[in-house]
Each structure stands twice: as C-alpha cells, then as structure tokens.
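Everything below concerns the one structure shown next.
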Amino acid sequence: MSTSASSVSSTTQRPVAELFARQQGRADALRHEGIESRATRLRKLGAWITDNRAAIQQALYADFRKPAAETDVTEIWSSQTELKHTLRNLKQWAAPRKVGTPLALVGTRGWVQAEPKGVCLIIAPWNYPFYLAIDPLISALAAGNCVIIKPSEMTPTVAALLSRMCRELFDPAEVTVVEGDKDVATELLALPFDHIFFTGSPQVGKVVMRAAAEHLTSVTLELGGKSPAVVDDTADLRDAAEKIVWGKGINAGQTCVAPDYVLVHEQVRDQLVEEIRQVISRFYSPDGQPVAASGSFARIVNDGHFQRLSGLLDDARQQGATVAVGGATDAGQRFLEPTVLLDVAPESRVMQEEIFGPLLPIRTFRTLMQAVDEVNSRPRPLALYVFTQSQENQRYLLQHIPAGGACVNETILHLGHPDLPFGGFGNSGLGRAHGHAGFMAFSNEKSVLRQRVGRTSLKPIYPPYTPQVKKMINWLVKWL
C-alpha cells in the first residue's frame with residue numbers, strides 16, 4: 001500500500017513527526033527497564049511468528065510467489081534462530097564488561113556498559129521483506145530501543161502483515177510501522193533518529209548516509225554488490241554446482257549475498273556447467289516439466305525488475321555471450337528461468353551491475369592471481385565464495401580478496417550463523433548485524449572509569465610542574 005508523503009498507513013493514522021515525538025518521550029522509560037522486560041517483548045514476538053506462520057507464507061506468496069518452504073527457511077526459521085540466540089545471550093550482552101587496569105592508573109576500575117541509543121529507524125527491503133525487518137528489530141528491542149519500521153512498498157502484503165503484527169504486539173510509542181513510498185522514507189530520514197538501519201542498494205544507501213549526516217546519526221548499511229564464486233581445479237564440481245545453484249536460485253536470485261557470477265578454472269569450466277545443468281533440472285524440473293511450472297521457484301518482484309533483468313540478458317547476448325542453460329522468460333508471470341551465460345564480455349551490463357536475479361555469468365581464469373585481479377577490479381563484494389579442496393588456494397583467495405564475509409565450499413550460509421557478524425565492506429555496506437554485533441549496533445558503548453577518593457596514582461603529577469614533578473613525568477613517559 002503506497003501513501004503520500006503527508007500521510008502514513010492505517011497502522012498509525014498519525015503524522016510521522018508525531019510518531020517520532022511519542023517515541024522520543026518513551027525512550028527514556030525503556031532505557032531504565034530491566035532486561036526481563038526486553039526479553040518479554042522478544043518472547044511475544046517469537047510466539048506471534050509461530051502462530052502466524054501460515055499468514056507469513058501467504059503474504060510472501062502474494063507478493064512474488066515465494067514457495068512456502070522457502071519462506072519457512074529464509075523468513076521464519078532465520079528470524080526465530082536470531083530471536084532464540086538473542087534470548088539465550090541477552091543477559092550476558094547487556095552486563096557491564098570489565099576491562100583491565102594499566103599500571104599508571106592503579107586504584108581505578110574500568111568497565112564498558114551498553115545503553116540503548118534511543119529511537120531507531122529500520123528501513124527494510126523488498127527481497128526478504130519479513131526477515132530483514134524482524135532481524136534488526138530483534139537487535140533493537142534487545143538493546144532497549146524504540147523503533148519505527150519502514151517496510152518496502154514493493155511488497156505491500158508483507159508490509160500490511162508487519163503493520164498488523166506491531167499493532168497486536170506493541171505500543172506505537174515503542175514499536176510501530178510506517179508504510180509508504182520513497183516520499184515517506186524521505187520524511188522519516190529528515191528526523192533526528194539515534195540510529196538508522198538500512199538494507200538496500202548502494203545507491204540508496206548513499207542517500208540514507210547523507211541524510212543521517214545532517215543529524216550525525218549512526219548508521220548500519222546492509223547493501224549489496226557483485227559477490228563472486230571462485231571455483232578452482234581441485235573443487236568437487238558436483239558439490240560446488242549444488243551449492244551455487246541453491247544460493248543463486250533461492251528467491252529467484254533476489255538475494256544480496258547470492259553468488260553474482262562465477263570465476264572457474266578454465267580446465268574445469270565445461271564440467272562445472274554440465275553439473276549446474278543437472279542440478280537445475282533436479283531442483284526445478286524433477287519430473288521433466290518446465291521450470292515455469294515448478295512450485296519451488298519464485299518470481300521477480302515486479303515488472304520493472306523483470307524488464308531490467310531481461311535487458312541484462314539481451315545486452316549480454318548482443319555482446320557475444322551464449323546461453324548454456326535456461327534463457328526462457330515470461331513477462332506475464334514475471335518468470336525468468338535460471339540462466340547460465342558463457343563467454344560474457346567484461347564490459348557487458350551483467351558484469352558491471354549487481355544482477356539480483358537468476359542470471360549466472362561464468363568466466364574463466366588460468367591462475368588464481370588472474371581471478372583475484374578480476375574480483376578486485378570491482379568494488380568490494382558483500383560476500384566471497386571459494387570452492388576448493390586446497391588449503392593453500394583457500395588461504396590465498398581469502399587473504400587477497402577483501403569482502404564483507406566469505407564461505408568456503410558453501411554459499412549464503414554465513415548469513416544464517418548468529419555468532420558471525422554480518423555486513424559489507426566499502427560499497428557493499430557499513431557496520432555489522434546479527435547476534436552480539438547486532439545488539440551492539442543498536443547500543444552505545446559507554447566507557448566508565450571509577451577512581452578512588454583521596455590519594456591517587458596521578459595526583460603526584462598535578463601542577464605546579466616543579467622539577468620533582470617533571471622528573472616523575474619523565475619516568476612515567478619512559479617506563480609506563
């Protein structure tokens with residue numbers, strides 16, 4: 001449901017500025033609540049997700065025909081995993097963390113305590129519209145914040161579901177949803193939030209960061225980019241094909257950490273392509289039916305994105321690429337078959353832009369140095385996927401390709417590990433999410449030093465700076 005900039009959805013029926021002011025007024029009370037109050041909110045959220053599993057599945061299917069099983073794994077299970085992990089560790093994360101005392105400060109005690117940032121904005125994307133709203137919400141609530149969620153207008157059914165969820169679970173002064181288009185997002189970004197968590201494209205991420213700079217608001221930017229899969233000549237090609245096709249095919253490739261393109265050693269390219277062909281058939285055509293008839297493959301989210309992807313495919317063909325697997329399209333269904341492209345020109349759009357769809361360009365390399373140089377000629381990727389059975393090759397690729405995160409002999413799965421901080425690097429993002437990293441993203445680390453009353457180790461060097469005091473300072477500089 002899209003709204004004008006001067007209004008919000010039926011979630012609240014209040015202007016954005018009024019909602020923000022109410023949350024500012026409530027934030028101080030949440031700051032002084034005990035950990036159990038935060039845990040209670042999280043448990044209520046978890047119960048709601050469990051009770052509304054079918055509604056979540058239906059909403060994702062309505063917005064882009066996402067298979068129910070895929071929704072279970074990528075939207076529901078992943079949210080519950082994060083929530084359970086947070087509940088298990090919340091008390092420890094929120095406890096003051098003691099630090100050591102340097103010799104020069106003998107007599108003091110130091111610790112770091114996490115405190116809520118205040119009022120936070122979560123701008124969720126359309127590709128995983130439930131999970132990527134809930135995951136940062138879990139971290140924000142665990143840290144004791146008030147939250148406004150802005151879901152994507154491109155997935156209106158999920159946005160309406162999130163609105164209902166917040167109405168049923170939370171006081172709007174604590175958590176609420178504001179639906180609307182980019183004008184509403186602009187209105188929200190003009191407000192002095194204490195933290196903004198944005199998931200989306202690098203282009204829009206720059207807009208968010210510029211807006212945040214006006215108020216010196218901290219940001220977490222989960223962006224994207226061209227994440228490569230590098231397959232060397234020692235890799236188990238069947239295993240690699242299964243994992244690459246799964247990572248690329250889930251959500252019809254509309255995943256920020258999907259393998260964007262493959263670099264494969266020239267000696268094993270044809271074998272890998274054949275393995276990929278067989279895997280696509282097993283996954284999406286097990287009975288010989290066209291992939292378009294499969295109940296296991298999602299659709300492109302809207303006509304605009306379908307046309308963009310069709311344009312990438314046409315451009316690649318015009319510049320000499322050949323379709324080795326797939327290539328079928330159906331604009332009426334917004335269906336794009338899993339498609340493998342060979343002999344792709346490096347200057348073609350499909351190699352210059354983030355694909356965000358089921359197109360998989362495959363290029364070859366002769367040496368690992370060539371593969372490294374090709375990856376590093378582009379902005380830093382959000383993820384790097386290395387397929388090898390050589391420890392030496394693994395070390396070389398991990399050491400020489402900077403990336404937000406990486407998997408060895410796997411794709412995407414690092415995103416689901418709650419103890420692995422998730423985020424980008426450079427063009428692919430700023431800051432980290434999930435688990436303790438997510439809790440800290442929504443917290444201010446307050447450093448505290450407590451000094452004893454009376455004589456201290458530093459009072460002897462207070463002014464006036466007599467020769468004796470200077471002598472002590474010289475000793476301090478030299479030895480401590």
Side-chain angles (χ1 to χ4, degrees), residues 60-71 74 126-127 154-155 226-227 229 237-238 240-256 258-262 264 269-345 348-363 411-412:
L60 268 295
Y61 188 85
D63 282 337
F64 53 100
R65 285 185 60 178
K66 186 164 183 170
E70 207 165 278
T71 292
T74 63
W126 55 262
N127 60 327
M154 293 168 63
T155 47
K226 298 188 73 63
S227 297
L237 298 180
R238 176 166 298 182
E242 289 173 342
K243 292 167 179 174
I244 290 170
V245 171
W246 176 75
K248 188 68 167 180
I250 202 166
N251 218 40
Q254 298 166 114
T255 304
C256 60
D260 192 272
Y261 63 101
V262 173
V264 60
R269 186 198 76 167
D270 292 346
Q271 295 168 259
L272 178 66
V273 171
E274 181 56 32
E275 293 289 352
I276 289 175
R277 183 195 313 276
Q278 294 180 23
V279 172
I280 290 174
S281 178
R282 291 202 306 273
F283 283 8
Y284 305 117
S285 301
D287 300 319
Q289 81 280 14
V291 178
S294 172
S296 300
F297 194 73
R299 295 298 184 263
I300 306 306
V301 68
N302 60 27
D303 291 337
H305 279 275
F306 177 83
Q307 294 301 326
R308 179 185 62 82
L309 288 164
S310 297
L312 293 181
L313 179 57
D314 291 343
D315 176 76
R317 283 169 159 162
Q318 290 167 10
Q319 299 202 46
T322 59
V323 175
V325 183
T329 64
D330 184 340
Q333 291 191 51
R334 300 196 304 273
F335 167 75
L336 180 57
E337 187 177 14
T339 300
V340 176
L341 297 169
L342 302 180
D343 306 315
V344 183
S348 61
R349 288 177 56 203
V350 79
M351 291 304 300
Q352 295 297 319
E353 302 174 17
E354 182 180 9
I355 296 171
F356 228 68
L359 304 176
L360 185 64
I362 295 182
R363 290 173 51 80
T411 64
I412 292 185

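Residue pairs meeting the salt bridge (Lys or Arg N to Asp or Glu O under 4.0 Å) criterion with at least one member in residues 273-301, sequence neighbours excluded, are Arg238-Glu275, Glu242-Arg282, Glu274-Arg277. The salt bridge (Lys or Arg N to Asp or Glu O under 4.0 Å) pairs that include a residue from residues 325-345 are Arg269-Asp343, where partners are two or more places apart or lie in different chains.
Shown here are the side-chain contact (heavy atoms from CB on, under 4.5 Å) partners of Ser310, two or more places apart in sequence or in another chain: Phe306. With sequence neighbours left out, the side-chain contact (heavy atoms from CB on, under 4.5 Å) criterion links Phe283 to Val245, Trp246, Val279. Judged as a side-chain contact (heavy atoms from CB on, under 4.5 Å), and not counting sequence neighbours, the contacts of Ser281 are Ser285. By the side-chain hydrogen bond (donor to acceptor under 3.5 Å, both in side chains) test, Glu353 pairs with Arg349, sequence neighbours left out.
The two atoms that bring Gln319 and Ala345 nearest to each other are O-CB, 3.8 Å, heavy atoms only. The two residues Asp260 and Ile355 come nearest to each other via the heavy atoms OD2-N, 3.0 Å. Minimum interatomic distance between Lys226 and Val350 (heavy atoms only, all atoms of both residues): NZ-O, 2.9 Å. Ser227 approaches Ala258 most closely through the heavy-atom pair CB-O, 3.7 Å. When every heavy atom of Ile412 is checked against every heavy atom of Gly247, the shortest pair comes out as CD1-O, 3.3 Å. Closest heavy-atom contact between Thr339 and Gly326: OG1-C, 3.9 Å.
With rounding to the nearest 0.5 angstrom, the CG atom of Leu360 is 7.0 Å from the CD1 atom of Ile244. Taken from CG in Asp315 to CE in Met351, the straight-line distance is 12.5 Å, to the nearest 0.5 Å. To the nearest 0.5 Å, atom CE of residue Met154 and atom CG of residue Asp63 are 10.0 Å apart. Put simply, CG on Asp303 and NE2 on His305 are 11.0 Å apart, with the number rounded to the nearest 0.5 Å. Rounding to the nearest 0.5 Å gives a distance of 11.0 Å between CZ of Phe297 and CD1 of Ile250.
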Quiz item: Would Val262 and Leu272 satisfy side chain to side chain contact (heavy atoms under 4.5 Å, CB included), going step by step from the backbone distance to the final call?
Solution: CA-CA 10 Å; Val262 173; Leu272 178 66; 4.0 Å; yes
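With hydrogens and angles ignored, the 3.5 Å screen pairs no side-chain donor or acceptor of Thr322 with any backbone N or O of Ala324. Judged by distance alone, the side chain of Thr74 and the main-chain N or O of Glu70 form a donor-acceptor pair under 3.5 Å. With hydrogens and angles ignored, the 3.5 Å screen pairs no side-chain donor or acceptor of Asn251 with any backbone N or O of Ala298.
Put simply, the side chain of Leu341 reaches to within 4.5 Å of the side chain of Leu313, judged on heavy atoms. A 4.5 Å side-chain heavy-atom check between Tyr284 and Pro290 finds every atom pair outside the cut-off. Counting only heavy atoms from C-beta outward, the side chains of Phe356 and Gln254 approach each other to under 4.5 Å. In this structure, the side chains of Val291 and Phe335 come closer than 4.5 Å at one or more pairs of heavy atoms. Side-chain contact check for Val340 versus Ile362: some heavy-atom pair is nearer than 4.5 Å. Looking only at side-chain heavy atoms (C-beta outward), Leu60 and Pro67 stay at 4.5 Å or farther from each other.
Using modelled atom types, one finds no donor on one side chain facing an acceptor on the other under 3.5 Å when comparing Thr255 with Lys248.
Ring orientation note: the planes of Trp126 and Phe64 are nearly perpendicular, at an angle over 60° on the 30°/60° scale.
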